[in-house]
*Asks:* 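Take this structure, written in structure tokens, and hold onto it; I'll ask about it next.
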Amino acid sequence: MTSELVIGGVSVPPGKRKRMEIPVAKLYDYTEMTIPVEIIRGKEEGPVLFISAAVHGDEINGTEIIRRLLARKKMLSRIRGTAIMVPVVNVFGFNRNVRYLPDRRDLNRSFPGSGSGSLASQIASVFMKEIVDKCTHGIDLHTGGGHRANLPQIRACIDDAETNRLAHNFGVPVVINSSLRDGSLRQAAADKGIPILLFEGGEALRYDEKVIRSGLQGIISVMTAIGMIEGQKISMKKQREDVFIARSSYWVRAPHSGSLRASKHLGNRVKQNELLGVISDVFGQGRVNVRAPKTGIVIGMTMLPLVNNGDALFHIATFEDVAAVEEKMELYDEALESRT
Ligand SMILES: [Zn+2]
């Protein structure tokens, strides 16, 4: 007994791999905006996992992660269940190298959306109906926005047991527990009871090789954990040792305008009151120190050294044992380096 799977008006029978375009909007130049999707359906029924990227149109690391995943033809030909790959959700932003939609709206604040709302809201609504509603699990891929880079990390509502299990299986050392009511795809999927992980890493409009490897590895681990692919199961004990849940996180903002010379970087441990960087004016005068108010790990930072007073400079997550997180992050980073 196999159920019918229809996406974008196209039926995908078991054992087939199909590409299609889901119409989302008619534009004023008489062209149609469509979201390209590839569906891989195994012969055997099983979990239905969507993997989406570029909900923010300039966050392209995820698109490359999906491209590499799609190249694993042998692995994908043997999956149980169905994988729905959406390399570019915000096609408009992707084509123009921008984060938002033409109306400057943030698609990731427009979920679950409505058929009679703004363009962003309509796209969100189609995505929910055509993709999310048909899935049992989801992974949404992001990078830092606005000239900021992120350490590879998972954001998820780990109060949900299955989401917690998947967050541990993904395998990146840093997990941020968050259940924001923010109109994101993650929130809309979670509201429907679909366990979903958000992977963050790198910065917009750049490929970051380690982040791409980290995301690819994590997705394959999750596919294994939910029984889509055969693989070596990782023991619960090892997962607990390898993954750290942040207690909280905070932003350090620029106390002054000027140019920033950062002395701490992604993955670094910072102690309370430790120097993060120095801001000075263009003549090298008026030096102002930027310090960490609380001990933690740098999980995000600006890549643009020209800063205005109040700009977000460093995103720092706090943990029970920051030394253990830093050490694990170094080992993880080395492993990504050597992996091909
Ligand atoms: Zn994003």
Side-chain angles (χ1 to χ4, degrees), residues 24 35-36 50-67 69 85-113 118-121 123-124 127-128 131-132 138-157 163 167 170 172 174-190 194 196-208 210-212 214-216 218-219 246 249 251 266 298-304 311-312 314-315 317:
V24 281
I35 299 178
F50 76 83
I51 303 164
S52 54
V55 167
H56 290 129
D58 59 354
E59 299 184 356
I60 61 174
N61 267 332
T63 307
E64 173 63 9
I65 292 170
I66 293 178
R67 189 192 68 77
L69 192 60
M85 312 280 197
V86 194
V88 184
V89 180
N90 178 359
V91 281
F92 181 90
F94 189 78
N95 280 310
R96 284 163 186 75
N97 308 148
V98 297
R99 183 177 179 87
Y100 301 113
L101 285 162
D103 56 4
R104 298 290 298 158
R105 274 177 211 269
D106 185 337
L107 180 57
N108 214 30
R109 295 288 176 272
S110 306
F111 281 88
S118 67
L119 180 60
S121 180
I123 294 171
F127 194 82
M128 289 303 290
I131 310 280
V132 180
I139 302 174
D140 191 26
L141 306 169
H142 286 257
T143 76
H147 300 292
R148 287 188 291 269
N150 282 330
L151 188 74
Q153 61 196 262
I154 285 292
R155 293 184 189 171
C157 179
T163 309
F170 200 96
V172 298
V174 168
V175 172
I176 315 289
N177 184 18
S178 87
S179 47
L180 292 176
R181 313 298 306 167
D182 57 0
S184 65
L185 167 58
R186 182 163 73 86
Q187 184 210 317
I194 297 164
I196 177 166
L197 300 180
L198 188 146
F199 173 72
E200 274 277 357
E203 60 181 311
L205 299 176
R206 301 285 182 272
Y207 283 157
D208 182 318
K210 283 186 193 170
V211 169
I212 290 163
S214 163
L216 185 62
I219 291 169
S249 72
W251 276 98
L266 294 179
V298 179
I299 61 162
M301 68 181 286
T302 184
M303 291 285 111
L304 181 64
D311 283 353
F314 296 91
H315 192 193

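Every number for a ligand or one of its atoms is a count from 1 in the order of the listing.
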*Asks:* Do Asn90 and Tyr100 come close enough that some side-chain heavy atom pair is under 4.5 Å?
*Replies:* no
*Asks:* Could you tell me which N, O or S atom of His142 is nearest to the Zn ion (ligand 1)?
*Replies:*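 The Zn ion (ligand 1) is closest to the His142 atom ND1, counting only N, O or S.
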*Asks:* Taking backbone and side chain together, does Glu59 place any N/O/S atom at a distance below 2.8 Å from the Zn ion (ligand 1)?
*Replies:*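 For Glu59, the answer is yes, given that an N, O or S atom comes within less than 2.8 Å of the Zn ion (ligand 1).
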*Asks:* Answer yes or no: is there a donor N or O on one side and an acceptor on the other, between the side chain of Thr63 and the main chain of Pro87, under 3.5 Å?
*Replies:* yes
*Asks:* Drop me the distance from Leu185's CG to His142's NE2, to the nearest 0.5 angstrom.
*Replies:* 7.0 Å
*Asks:* Check for a donor-acceptor pair, side chain of Gln153 on one end and backbone N or O of Val174 on the other, with a separation under 3.5 Å.
*Replies:*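 A pair under 3.5 Å: no.
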*Asks:* Of all N/O/S atoms in His56, which lies nearest to the Zn ion (ligand 1)?
*Replies:* ND1
